[in-house]
Number of protein chains: 2
Amino acid sequence: MEGHRERKKVRTRRALLEAAVRLFSERGYEQTTIAEIAAAAGVAPRTFFAYFTSKEDVLFLHAEERERTMLDVVAGRRPGEPLGALLSRMFEALVQSLAEDDELDFALSPLRARLMFTEPALRARGLALMMEAQPRVAEALCEVYPELDPVSAGAAVGSFMGALAVAGLVAQQQGGSNEDTLAAGRRGIEIALNGLSSLDGS
Amino acid sequence: MEGHRERKKVRTRRALLEAAVRLFSERGYEQTTIAEIAAAAGVAPRTFFAYFTSKEDVLFLHAEERERTMLDVVAGRRPGEPLGALLSRMFEALVQSLAEDDELDFALSPLRARLMFTEPALRARGLALMMEAQPRVAEALCEVYPELDPVSAGAAVGSFMGALAVAGLVAQQQGGSNEDTLAAGRRGIEIALNGLSSLDGS
DNA sequence: TGCGAAATAGCAATGCCTGCATAAAAGCAG
DNA sequence: CTGCTTTTATGCAGGCATTGCTATTTCGCA
């Protein structure tokens, strides 16, 4: 299972990853070519595509696992658990699943986060990936909450994700620390759960 | 102001627009090349880029006007108007501004709507465009609602847009009529305003 | 009719991405 | 160690979007 071969693959992937993030940060996303990334990682340009499906893809790893996490939370609805509580749990589960991802570890994570919210192309991609999962999450919700109609379920997930996306963006623009981002995320979720109208009183 | 020249420009733009939408619908977005669109419109490929900045751009016209509409609604906050009421008005204003757009008229609109929610690349682009306006709308909100902090304002707008985006998507998947879409949008906004927690009781 | 501005078109180049075919490398017998 | 098999790493050619620069055509107007 883990011979010389496996380790080399991981090393190459890692080299590409780090080269990409470093170059993107130094010169900007658009100004960095795949040829340059490959050169910095010591492989041929063609090889890049053996590890990542596209240039954007380098920064969006394991998106499927995030979706899995969300679906698992929905499937694990506790008896009588209200929708709001479940979505709160979903947020915390997402945070944790990100933290536990070993390929998204410390060295790369802050730079990646900054890039994702800084470069328009990447921001767009991130949004798209997130929303891509929306129909399936909404469908899962419908199954677990039989009283929920599809439009409401969809809107709930959309609202949830929208609040989340923006919280990250705002947090990035301001401080940018992981704690700030987490706090902003919680606040965003809270707002989505309690309703925008609830903001009038505060 | 409106000589032979102007009219010809409008006609060419229109020809490109219709050719693009038609071809996209027939063969799919990815399978249609700009060369084909240009040929169908009777112009050189290079000319396409004199009218639209990109292939995706053909389907997303006047995005700036949508942003204008949103900012205008915010700026026109009525004395003491609650945030929820203002966002409701914002939704209705968006619908109206879309309806009044003469370049997005009947012939093209239904096909465009279908494409926007069907083709992944276009769905992504639509989301990105929508969210692109978010920071400015949120900032405007902050100015009009001094008691609102940036994170809350951002989350509110994000939640609003997320709900909206999804409502459109769901409506498209189901029926697909304009009335359905409008109703789904209203429902989505309602949910975002009242909070996801409010769905538990229904 | 002829001039200056605007619209069209042509050409070349860059860069992402893909399919296909081949070389290089790593496991694995024997 | 050597030849065979399965992966990986490349190379190459091509398709397509997009852009910069230049040439050509077309208008509008004096």
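Every heavy atom of this structure was used, including side-chain atoms; hydrogens, water molecules and symmetry mates were not. Each chain gets a letter, A, B and so on, in the order the sequences are listed, and its residues count up from 1.
- What separates CD1 of A:Ile34 from C1' of C:dT14 is a distance of 13 Å, to the nearest Å.
- Closest approach to the A:Arg5 side chain among C:dA7, D:dT10, C:dA25 is made by C:dA25 (side chain taken as heavy atoms from C-beta onward).
- Spacing between atom CD of B:Glu30 and atom C1' of D:dG15 amounts to 13 Å, rounded to whole angstrom units.
- Taking atom CD on B:Glu6 and atom P on C:dA6, their separation rounds to 11 Å, with Å as the unit.
- Both B:Thr33 and B:Lys8 lie near DNA chain D, and the one whose nearest nucleotide falls closer to the 5' end is B:Thr33.
- The distance between atom CZ of A:Phe24 and atom P of C:dG15, rounded to the nearest whole Å, is 14 Å.
- The residue among B:Thr12 and A:Phe48 whose nearest nucleotide of DNA chain C is located toward the 5' end is B:Thr12.
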Pair up each side-chain donor or acceptor in residues 112-122 of chain A with any protein partner under 3.5 Å, not counting sequence neighbours, and list the distances.
unit_1: A:Arg112; atom_1: NH2; unit_2: A:Leu59; atom_2: O; d: 3.3
unit_1: A:Thr118; atom_1: OG1; unit_2: A:Arg114; atom_2: O; d: 2.7
unit_1: A:Glu119; atom_1: OE2; unit_2: A:Tyr29; atom_2: N; d: 3.0

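- Here the nucleotide nearest the side chain of B:Val43, chosen from C:dA9, D:dT18, C:dT18, is C:dA9.
- If you check D:dG11, C:dA5, C:dG10 against the side chain of B:Arg46, the one that comes closest is C:dG10.
- Residues A:Asp101 and A:Arg66 are paired through a salt bridge, judged by an N-O separation under 4.0 Å between the basic side chain and the carboxylate.
- Evaluation of the side-chain hydrogen bond (donor to acceptor under 3.5 Å, both in side chains) rule for B:Gln96 yields B:Glu100 as partners, not counting sequence neighbours.
- One interatomic measurement links the two molecules: CZ of A:Arg7 to C1' of D:dT7, which rounds to 16 Å at whole-angstrom precision.
- At whole-Å resolution of the value, CZ in B:Arg13 and P in C:dA7 are 13 Å apart.
- Using a 4.0 Å cut-off between charged side-chain N and carboxylate O, B:Glu190 and B:Arg186 make no salt bridge.
- Look at CZ on A:Arg27: it is 15 Å from C1' on C:dG15, rounded to the nearest Å.
- Contact annotation for A:Ala44: backbone-only contact, meaning every heavy-atom pair under 4.0 Å involves sugar-phosphate atoms and none involves a base.
- No hydrogens or angles considered: a donor-acceptor pair under 3.5 Å links the side chains of B:Ser152 and B:Asp149.
- Phosphate proximity of C:dA7 to B:Tyr51: absent, as no side-chain N or O sits under 4.0 Å from OP1 or OP2.
- A straight line from CD of A:Glu36 to C1' of C:dC16 spans 13 Å, rounded to a whole angstrom.
- Within 4.0 Å of A:Phe52, counting heavy atoms only, lies no atom of the nucleic acid at all.
- The side chain of A:Lys55 contributes no N or O atom lying less than 4.0 Å from OP1 or OP2 of C:dC17.
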